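Remarks on the structure that follows.
None of these values were measured; they are calculated from a predicted model. Naming: A, B, ... by sequence-line order, numbering from 1 per chain.
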Amino acid sequence: MNAAFAATARNALILFGFALAFTALMAITWGATRDTIRASAEAEKMKLIDEVLPPRAYDNALLSDWTGIGPEPALGLDAPSRVLRARRGGEPVALLLEAQANDGYGGPIRLLVAVGADGSVLGVRVTQHRETPGLGDYIDLHKDRNKAHPWIRRFEGRGLAQIPPERWRVKKDGGNFDYVAGATISARAVTGAVGRALAFASAHRDALFSAPGGARPAGGG
Amino acid sequence: MERTEIFEIARNGLWKQNPALTQLLGLCPTLAISTSVVNGASLGLATVLVMALASALTAALRNLIPYEIRIPVFILIIASLVTMVDLAFNAWFHSLYLVLGIFIPLIVVNCIVLARVEVFAAKNGVLSSAWDGITMGAGLVVVLALLGGLRELLGAGTLFGGIDMVFEGARPLHVLPEAYPGFLVAILPPGAFLLLGFLIAGRNWLEERAARRARGAAHEARPAAA
């Protein structure tokens with residue numbers, strides 16, 4: 001009994017020692033890599049932003065000119081997010097919003113939407129999705145087999161002035177937007193989410209642009 | 001390590017005990033990721049790295065690990081290693097991380113790593129264990145690339161799709177005409193099971209043929225010797 005107890009206690013101590021040693025190793029690695037990882041994450045983010053909004057279009061420090069909004073059902077988000085504000089010479093140029101389509105075929109689809117100050121969509125990119133490879137994943141620019149006219153770029157230049165909110169749907173549902181036959185669900189989800197993000201940005205445009213940096217806009221969100 | 005040992009370990013990893021075709025271990029990431037050559041080979045290469053490190057480290061620590069608690073310690077070693085490799089790649093090899101990054105966390109759930117640590121590294125020296133990890137991983141790379149190639153070819157009619165993520169400017173091969181409609185089942189998980197089945201059957205056929213020939217040669221050799 002005592003011998004068994006001693007053996008077990010010894011093993012428990014050894015296991016504890018291993019856990020301690022490897023946790024320390026992981027903590028050291030984390031500490032050594034944290035800053036580099038953060039920098040490359042920002043660079044990644046900037047690269048994605050450059051795809052929806054050309055860097056020439058604005059002259060402010062985009063990543064630090066943001067305003068926080070609470071969980072926003074109109075954007076499909078259940079957590080607070082940031083709206084980035086692009087300006088040129090102090091004048092509003094574009095809002096960059098994160099949006100989420102919760103009715104994707106393989107789960108939620110994350111989007112980055114740039115809405116111009118004139119109320120038109122400047123660009124949309126899918127940042128995260130789990131649509132079926134080879135079928136619904138054409139919503140992702142890099143997976144779209146139509147390189148000349150990728151599907152996700154159909155929103156560019158469109159605004160609520162030309163296309164009323166109820167027409168931001170795929171053609172099958174009586175809207176204005178094409179889809180690939182056999183994979184309607186992915187296109188339907190993205191189109192709806194872009195339309196709702198555009199409507200949100202248009203409705204709260206001034207509040208979002210004028211809100212102090214890092215704060216919730218008055219009246220908006 | 002002796003020469004014969006080096007060859008024996010390599011033969012085991014690549015053919016005799018091939019992790020994907022014979023041991024059938026780590027099928028979950030194998031089947032989920034092998035949708036193209038590039039994806040399959042990338043997951044395989046990330047696995048090679050982790051297996052080499054995990055086996056070498058376990059072999060180095062093997063005399064400190066009590067038999068009764070070896071499994072939790074092995075899991076601890078593998079999980080910490082994967083976390084550290086993940087962080088290090090993200091920080092210092094970022095362009096490579098963009099390709100392999102999503103695969104690295106998947107390796108934690110790949111039981112082939114644990115299996116080799118338990119079966120081989122816990123009883124052998126550091127160099128032999130690292131070599132075992134590398135060749136077992138290489139066996140996985142070959143099968144994953146082959147499986148990915150078959151699925152990609154049947155599913156989309158291309159090969160090396162996504163290669164531009166690894167080598168900038170490189171273009172995928174359109175093996176079948178542009179009008180090829182694609183065979184979706186090949187890309188979905190059932191296609192992975194079916195094609196893996198064919199690969200295993202092919203390997204077994206080759207093994208059996210070799211065994212038959214060896215028997216035949218033995219039969220012929222006997223009368224001559226008599």
Side-chain angles (χ1 to χ4, degrees), chain A residues 4 6-45 47-48 105-106 127-138 140-148 180-183, chain B residues 32-36 39 57 61 64-95 97-98 101-102 151-152 154-158 161-162 164-165 171-172 174 178 180-189 191:
Chain A
T8 310
R10 188 174 152 270
N11 280 345
L13 267 177
I14 292 175
L15 190 55
F16 180 69
F18 269 106
L20 214 59
F22 277 92
T23 310
L25 279 175
M26 280 192 282
I28 292 166
T29 318
W30 181 76
T33 54
R34 185 176 40 172
D35 293 339
T36 331
I37 289 176
R38 192 180 293 154
S40 46
E42 293 230 317
E44 281 297 295
K45 210 169 172 185
K47 215 169 118 193
L48 198 69
Y105 186 73
T127 55
Q128 231 176 58
H129 75 91
R130 277 190 311 229
E131 300 306 285
T132 316
L135 189 63
D137 63 351
Y138 64 89
D140 181 348
L141 179 79
H142 301 286
K143 301 279 170 64
D144 199 334
R145 288 210 261 166
N146 185 351
K147 295 290 177 208
V180 172
Chain B
I33 298 305
S34 63
T35 51
S36 69
N39 273 359
L57 190 59
L61 297 172
L64 299 175
I65 304 170
Y67 182 78
E68 297 83 3
I69 55 163
R70 68 194 190 287
I71 301 288
V73 174
F74 294 161
I75 291 173
L76 189 68
I77 292 176
I78 294 168
S80 327
L81 256 179
V82 171
T83 308
M84 287 187 276
V85 167
D86 188 55
L87 287 171
F89 261 64
N90 193 347
W92 298 309
F93 305 97
H94 196 72
S95 52
Y97 184 76
L98 292 179
I102 50 167
R151 291 178 72 185
E152 194 181 348
L154 290 173
T158 61
D164 49 313
M165 302 252 296
R171 299 211 147 254
H174 286 272
E178 197 74 29
Y180 179 68
F183 180 54
L184 187 63
V185 176
I187 291 183
L188 296 177

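Checked against the 6.0 Å centroid threshold, F93(B) and Y97(B) do not count as a close aromatic pair.
Looking at I77(B), both its backbone and its side chain come within 4.5 Å of chain A, counting heavy atoms on both sides. Contact of I75(B) with chain A is not made at all, since no heavy-atom distance falls under 4.5 Å. Interface remark: I187(B) contributes side-chain atoms only to the contact with chain A (heavy atom separation under 4.5 Å).
Qualifying salt bridge (charged side-chain N to carboxylate O under 4.0 Å, His left out) partners for R130(A), counting only residues two or more places apart in sequence or in other chains: none.
By the 4.5 Å heavy-atom criterion applied to side chains, M26(A) and W30(A) are not counted as neighbours. Looking at L15(A) and P72(B), their side chains come closer than 4.5 Å, going by heavy atoms from C-beta outward. Between T33(A) and W92(B), some side-chain heavy-atom pair lies under the 4.5 Å cut-off.
No other option in E44(A), R34(A), H142(A), R38(A) has as many heavy-atom pairs under 4.5 Å with chain B as E44(A). Heavy-atom pairs under 4.5 Å with chain B were tallied for T23(A), T36(A), D35(A); the largest tally goes to T36(A).
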